[in-house]
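When reading the values below, keep in mind they use all heavy atoms of this one structure, side chains included, and skip hydrogens, waters and symmetry mates. Protein chains get the first letters and strands the later ones, always in sequence-line order, with residue 1 at the start of each.
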Amino acid sequence: MNVNTNSNKNNHKKNIEKIYAWLMKSYGPQGWWPVLNHKGKKPNITGNLRGYHPKDYSYPRNSNQGFEICVGAILTQNTAWKNVEKALINLKAAKVLSPRKLIQLGDKELKELIRPAGYYNQKAGYLLTFTEFFLSLKGKVPARGEVLNCKGIGDETADSMLLYAYSQLEFVVDAYTRRIFSNLGFIKHDEKYMIIKELFETYVERDVFIYQEYHALIVEHAKRYYSKKPYRINDPLNKIL
DNA sequence: AACCAGGACGTGA
DNA sequence: TCACGTCATGGT
């Protein structure tokens, strides 16, 4: 029994490509992952929802920027980016937004700096654990399983780190992805993370920059049409499939 | 003034 | 495995 034409697998590839094309045409390149400039500020070139360097895929440009992306990935768990930004700017201003400096920091100081990002007691511990791991890599690209072994890093955070900090071909799935694509009929609303990840990794062109943009575009679109219930209402994507 | 945000973990069925 | 409570600040 198949009441939804969108769940026809023969159309998945076309539809998922069509959605990407529509999102890109509508919103343009997103410039993810956001990275602060050398002054420790948010570059003044974008709207508040976009990344900091649209069309520029040369990030991260050094190890510290990669580390910054990982820190942001942990801090943004269930947290608005605006609050994460405050925490990152605090860390940058205190000149501790690098792995060596961060592990030297006292527990109380670290918590105070990341406080705006919320859950600061937990996240402080997660950051220290991850930082030790990051240093142990000595620049090597970690395996997904290794990243997942760090307490506080689950599927989405691991994939975010791998895709945006390490330029690995890992599709990032978040609550927004689940919302949009379940409402469009591709998946169940409570579908497992890995099933959704595999859906995209099967049908999206296997290109790191496209993975980076697709996830960012999904977030941008969801913020406009799926941030408050009832979801799906007025979603223009309903009409293009 | 509730509700939500670019989740993950611990616990007890 | 799964449902549910917990963690916390700041914007709307």
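Relative ring orientation between Y166(A) and F134(A) is described as tilted, the plane-to-plane angle lying within the 30° to 60° band. Under the 30°/60° scheme for interplanar angles, the aromatic rings of F181(A) and F200(A) are found to stand perpendicular. By the 30° and 60° cut-offs, the orientation of the rings of F67(A) relative to F130(A) is parallel.
A heavy-atom distance below 4.0 Å to DNA chain B is reached by these residues of residues 62-78 of chain A, ordered by number: T76(A), Q77(A), N78(A). Across residues 112-125 of chain A, R115(A), P116(A), G118(A), Y119(A), Y120(A), N121(A), Q122(A) each have a non-hydrogen atom less than 4.0 Å from an atom of DNA chain C (numbered order).
With sequence neighbours excluded, no residue forms a salt bridge (Lys or Arg N to Asp or Glu O under 4.0 Å) with E112(A). With sequence neighbours excluded, the residues that form a salt bridge (Lys or Arg N to Asp or Glu O under 4.0 Å) with D155(A) are R144(A). Annotation: side-chain contact (heavy atoms from CB on, under 4.5 Å) contacts of I210(A) (sequence neighbours excluded): Y20(A), V204(A), E205(A), D207(A). By the salt bridge (Lys or Arg N to Asp or Glu O under 4.0 Å) test, E109(A) is found to be paired with no residue, residues two or more places apart in sequence or in another chain being considered.
For K86(A), a side-chain nitrogen or oxygen approaches OP1 or OP2 of dG11(C) to under 4.0 Å.
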Without placing hydrogens or testing angles, list every side-chain donor-acceptor pair under 3.5 Å for residues 184-193 of chain A, not counting sequence neighbours.
| from | atom 1 | to | atom 2 | distance (Å) |
| --- | --- | --- | --- | --- |
| Y193(A) | OH | D159(A) | OD2 | 2.6 |
| Y193(A) | OH | V173(A) | N | 3.2 |

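Note on I218(A): nothing from the nucleic acid sits closer than 4.0 angstrom, heavy atoms only. At the heavy-atom level, S227(A) lies under 4.0 Å from the strands shown only through sugar-phosphate atoms. Contacts of R178(A) with the nucleic acid, taken as non-hydrogen atoms under 4.0 Å apart, are absent.
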Worksheet entry | Dot-bracket pairing map - DNA chain B, Watson-Crick plus G-U, both contacts under 3.5 Å, | cross-strand | .||||.|||||||
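Sequence neighbours left out, not one pair with a member in residues 124-133 of chain A passes side-chain hydrogen bond (donor to acceptor under 3.5 Å, both in side chains). The salt bridge (Lys or Arg N to Asp or Glu O under 4.0 Å) pairs that include a residue from residues 209-218 of chain A number zero, where partners must be two or more places apart or lie in different chains. Residue pairs that meet the salt bridge (Lys or Arg N to Asp or Glu O under 4.0 Å) test with at least one member in residues 55-81 of chain A, sequence neighbours left out, are D56(A)-R61(A).
Taking atom NZ of residue K111(A) and atom P of nucleotide dT9(C), one finds them 12 Å apart after rounding to whole Å. Computed from coordinates, the Y176(A) OH to dC4(B) P distance equals 11 Å when rounded to whole Å. Distance I196(A) CD1 to dG7(B) P: 13 Å, rounded to the nearest Å. Taking atom OH on Y193(A) and atom P on dT1(C), their separation rounds to 18 Å, with Å as the unit. Going from atom CG of N83(A) over to atom P of dT12(C) covers 10 Å, rounded to whole Å. Here the C1' atom of nucleotide dC4(B) and the OH atom of Y226(A) are 18 Å apart, to the nearest Å.
Between R178(A) and D174(A), no side-chain nitrogen of the basic residue sits less than 4.0 Å from a carboxylate oxygen of the acidic one, so the salt-bridge criterion is not met.
Going from the C1' atom of dA3(C) to that of dA5(B) covers 22 Å, rounded to whole Å. Taking the P atom of each, dG10(B) and dA8(C) are spaced 14 Å apart, rounded to whole Å.
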Nucleotide N/O of nucleotides 2-5 of chain C paired with protein N/O under 3.5 Å:
| from | atom 1 | to | atom 2 | distance (Å) |
| --- | --- | --- | --- | --- |
| dC2(C) | OP2 | K192(A) | NZ | 2.7 |

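Q77(A) places a side-chain N or O within 3.5 Å of a backbone atom of G152(A) that can act as its donor or acceptor partner.
When the nearest nucleotides of DNA chain B are assigned to T79(A) and I153(A) by heavy-atom distance, the more 5′-ward of the two goes with T79(A).
H215(A) pairs with exactly one of W32(A), Y176(A), F171(A) by the ring pair (Phe, Tyr, Trp, His ring centres under 6.0 Å) rule, that one being W32(A).
For D174(A), counting side-chain heavy atoms from C-beta on, the closest listed nucleotide (dC9(B), dG7(B), dT9(C)) is dG7(B).
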